[in-house]
Amino acid sequence: MNSVGPECTEMKKEYDECFNAWYSEKFLKGDYTDSCSGIFKKYQECVKKAIKEQGIDWDEVNKPVLGTDAEKQVPSSTKKDDKS
């Protein structure tokens, strides 16, 4: 699967490979040391930049919803669709 921004896809693949190796070769054997955090941080910054360039509000994407009253609300775009 590609990343949200084409310029981030290679970093995503690199992180996915690192994570899968860490999970199967270390985590499942009791070593919880995160050896992919550096790659993840670079990938996360790329994704944030791509999201911003697409006009998506990062704060809205990153806003906590689970366990809040917002979790139980119907999204506003759905509410408008239901009125027709």
Within this structure, what is the [atom1]-[atom2] distance for the pair [X] and [Y], rounded to the nearest 0.5 Å?
| X | Y | atom1 | atom2 | answer |
| --- | --- | --- | --- | --- |
| Glu25 | Asp31 | CD | CG | 11.0 Å |
| Leu28 | Lys26 | CG | NZ | 13.0 Å |
| Glu10 | Asn2 | CD | CG | 9.0 Å |

Side chain Trp22, main chain Thr33, donor-acceptor under 3.5 Å:
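Yes: the side chain of Trp22 pairs with the backbone of Thr33.
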Taking the inter-plane angle between the rings of Tyr23 and Phe27 on a 0 to 90° scale, is it parallel (under 30°), tilted (30 to 60°) or perpendicular (over 60°)?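 Rings of Tyr23 and Phe27: parallel, under 30°.
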Side-chain heavy atoms under 4.5 angstrom apart, residues restricted to Ile, Leu, Val, Met, Phe, Trp, Tyr: same cluster for Val74 and Val65?
no
### Query
Under 4.5 Å between side-chain heavy atoms, hopping through other hydrophobics if needed: is there a path connecting Tyr32 to Tyr15?
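Yes, it is one cluster - the side chains of Tyr32 and Tyr15 are joined through contacts under 4.5 Å.
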Contact summary for [X] and [Y], nearest pair of heavy atoms:
| X | Y | result |
| --- | --- | --- |
| Ala50 | Gly5 | CB-CA, 3.9 Å |
| Met11 | Ile39 | O-CG2, 4.4 Å |
| Ser35 | Cys18 | O-SG, 4.0 Å |

Test: side-chain hydrogen bond (donor to acceptor under 3.5 Å, both in side chains). Region: residues 36-57. Which pairs qualify, not counting sequence neighbours?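 Found Ser3-Tyr43.
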Exercise. Flag the pair Asp59 and Lys63 as a salt bridge only when some basic side-chain nitrogen lies within less than 4.0 angstrom of an acidic carboxylate oxygen.
Key: no
